[in-house]
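Below: one structure, written as structure tokens.
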Amino acid sequence: MSSLAVSQAEPVAGSTPGTAQGRPPLRRRIALIPTATLLLGAIYCLLPVAWVVIAATKSGSELFSTFTFRPGTGFADNFHDLSAYRDGVYWEWMGNSALYAVLGALLSTCVSAISGYALATYRFRSRETIFNVLLAGVLMPPVILAIPQYLLLAKADLTDSYLSVLLPQILSPYGVYLARIYAAAAVPADVVEAGRMDGASEWRIFTRIALPMMIPGMVTVFLFQFVAIWNNFLLPYIMLSDDEKFPITLGLFTLLEQGANTPAMYTLVITGAFLAVLPLVALFLVIQRFWSLDLLSGAVKS
């Protein structure tokens, strides 16, 4: 009788004590919740991208008559028609977007690096006040600043020019904030003081000592600014009237407006949107490789 009781009390092979046979522990089930949430978020974000990629392969007749996620056979014709539209104005829009995004992101990164380094390194009156004003600028929606920026540039007779889109993008409160936080963490005060004791100028200390330490953070600032400028629609919409200066976002908007009266334009809009995403994907892949190399080199140096 006692041996029977002992055998019944022993756990079954392959099961965990305190749990039902074959049922995973409660902690493991709870740990699956974040993974499931991330998967749902990824599906939510990637479904529109998948739709654009597949819809760009469809002809005008296939776009509205076939299954949503069934690839079509008209991508080559769509690409040819898009390139031939108005003698290739689409590629002018792509070139304008590249000019605005690359030059604007570079200038904004330089301004952010200098400003963030100064706010993190130097001690001067009203430093925290200036930083708090920058934080307020981070929280301010861009739509609030668009009209005042237009009025200021109109006074300077700069509207409907490349500068009207570039100049407002140079100063990024969020970029300065990131640069300040990164400079405070990545640039030791002892290194700066050692450079001063060796007789180096402040500019030489910044360019030769501090800036190389800040490069990973500045790459992040460049990425954020590039994406923000590439996807910007409101500022060019307000500033520009000459469609030869349009970025890709505003150019696709004009195509979409024409598509309301000419359904055949929808395929051009979708193909153009697909091609406009490719530079962003390429940039992310290149910068991701840079981040990986930087982390590996930091581990070797440490």
Side-chain angles (χ1 to χ4, degrees), residues 52 56 78-112 137 140-176 221-262 264-284 286-287:
V52 170
N78 295 339
F79 182 83
H80 178 269
D81 294 342
L82 182 65
S83 300
Y85 176 74
R86 289 184 52 191
D87 297 327
V89 70
Y90 174 82
W91 300 111
E92 291 186 15
W93 297 337
M94 286 281 280
N96 293 335
S97 288
L99 173 66
Y100 296 140
V102 173
L103 187 56
L106 282 175
L107 293 175
S108 179
T109 303
C110 293
V111 172
S112 299
M140 187 173 296
V143 65
I144 298 178
L145 301 175
I147 299 301
Q149 288 170 347
Y150 174 80
L151 296 176
L152 287 173
L153 292 173
K155 286 289 185 180
D157 197 22
L158 290 176
T159 54
D160 197 23
S161 66
Y162 291 102
L163 289 177
S164 64
V165 180
L166 278 173
L167 290 178
Q169 308 284 354
I170 292 177
L171 179 60
S172 169
Y174 187 60
V176 176
V221 173
F222 176 84
L223 173 64
F224 286 165
Q225 277 299 102
F226 185 96
V227 174
I229 298 173
W230 185 274
N231 293 330
N232 194 4
F233 169 79
L234 180 63
L235 185 66
Y237 181 75
I238 294 176
M239 295 292 182
L240 301 176
S241 58
D242 183 4
D243 62 355
E244 292 185 356
K245 299 183 178 71
F246 282 0
I248 193 63
T249 51
L250 194 54
L252 290 177
F253 174 74
T254 59
L255 284 179
L256 185 62
E257 281 190 323
Q258 297 178 24
N261 300 321
T262 309
M265 300 296 291
Y266 283 132
T267 56
L268 301 187
V269 175
I270 295 172
T271 306
F274 166 67
L275 295 176
V277 174
L278 296 181
L280 297 180
V281 175
L283 181 65
F284 269 98
V286 171
I287 289 184

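When reading the values below, keep in mind they use all heavy atoms of this one structure, side chains included, and skip hydrogens, waters and symmetry mates.
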Report the distance from atom CD of Gln149 to atom CE of Met239, rounding to the nearest 0.5 Å. 5.5 Å
Quick one: salt bridge (charged side-chain N to carboxylate O under 4.0 Å, His left out) partners of Asp87, sequence neighbours excluded? none
Just by distance, do the side chain of Ser164 and the backbone of Ser161 share a donor-acceptor pair under 3.5 Å? yes
For residues Leu153 and Pro168, determine if any side-chain heavy atom of one lies less than 4.5 Å from a side-chain heavy atom of the other. yes
Do other residues, nucleotides or ligands put more than 12 heavy atoms under 6.0 Å from the OH atom of Tyr85? yes
Quick check against the 3.5 Å criterion: does Ser97 have a side-chain atom that pairs as donor or acceptor with the backbone of Ile248? yes
Considering only heavy atoms from C-beta outward, does the side chain of Leu252 approach that of Tyr90 to under 4.5 Å? yes
For Leu107, enumerate each residue passing the side chain to side chain contact (heavy atoms under 4.5 Å, CB included) test, keeping only those at least two apart in sequence or located in another chain. Leu103, Ile170
First locate atom CG of Leu234, then atom CG of Leu250, and finally report the distance between them rounded to the nearest 0.5 Å. 10.5 Å
Nearest-0.5 Å distance that lies between atom OG1 in Thr271 and atom CG in Leu255: 10.5 Å
Say you draw a straight line from CG of Leu235 to CG of Leu240; how long is it, rounded to the nearest 0.5 Å? 8.0 Å
What is the minimum heavy-atom distance between Pro173 and Gly137, and which atoms define it? CB-C, 3.9 Å
Non-hydrogen side-chain atoms of Leu158 and Leu167 separated by less than 4.5 Å: yes
On a heavy-atom basis, the closest approach of Ser172 and Ser112 is O-OG, 4.2 Å
Could you check whether any side-chain N or O of Gln225 sits under 3.5 Å from a backbone N or O of Gln169, counting only pairs where one atom can act as donor and the other as acceptor? yes
Shortest non-hydrogen pair, Glu244 vs Asn96, comes out as O-ND2, 2.8 Å
For residues 155-165, which residue pairs pass the salt bridge (Lys or Arg N to Asp or Glu O under 4.0 Å) check, not counting sequence neighbours? none
Whether Asn78 side chain and Ala56 backbone form a donor-acceptor pair below 3.5 Å: yes
Sequence neighbours excluded, which residues qualify as salt bridge (charged side-chain N to carboxylate O under 4.0 Å, His left out) partners of Asp243? Arg86
Short question: side chain of Thr249, backbone of Asn232 - any donor-acceptor pair under 3.5 Å? yes
Any chance you could measure Leu82, atom CG, to Met265, atom CE, to the nearest 0.5 Å? 8.5 Å
side-chain contact (heavy atoms from CB on, under 4.5 Å) between Leu223 and Leu283: does it pass, once the steps are laid out? CA-CA 8 Å; Leu223 173 64; Leu283 181 65; 3.8 Å; yes
Once ring pair (Phe, Tyr, Trp, His ring centres under 6.0 Å) is applied, do any residues pair with Tyr162, and if so which ones, sequence neighbours excluded? Tyr100
Working note: Val176 + Leu171, criterion side-chain contact (heavy atoms from CB on, under 4.5 Å); need CA distance, chi angles, decisive distance, verdict. CA-CA 8 Å; Val176 176; Leu171 179 60; 4.2 Å; yes
Any side-chain heavy-atom pair from Leu275 and Phe79 closer than 4.5 angstrom? yes
Least distance between heavy atoms, Ala105 atom then Phe226 atom: CB-N, 3.8 Å
Indicate the atoms forming the closest heavy-atom contact of Ile144 with Pro148, along with that distance. O-CD, 3.3 Å
For Gly104 and Leu166, work out which heavy atoms get closest and say how close. N-CD2, 3.7 Å
Would you indicate whether the side-chain heavy atoms of Trp91 and Ser83 approach each other to under 4.5 Å? yes
State the CZ-OH distance between Phe224 and Tyr174, to the nearest 0.5 angstrom. 5.0 Å
For Ala98, all residues meeting side chain to side chain contact (heavy atoms under 4.5 Å, CB included), sequence neighbours excluded: Trp230
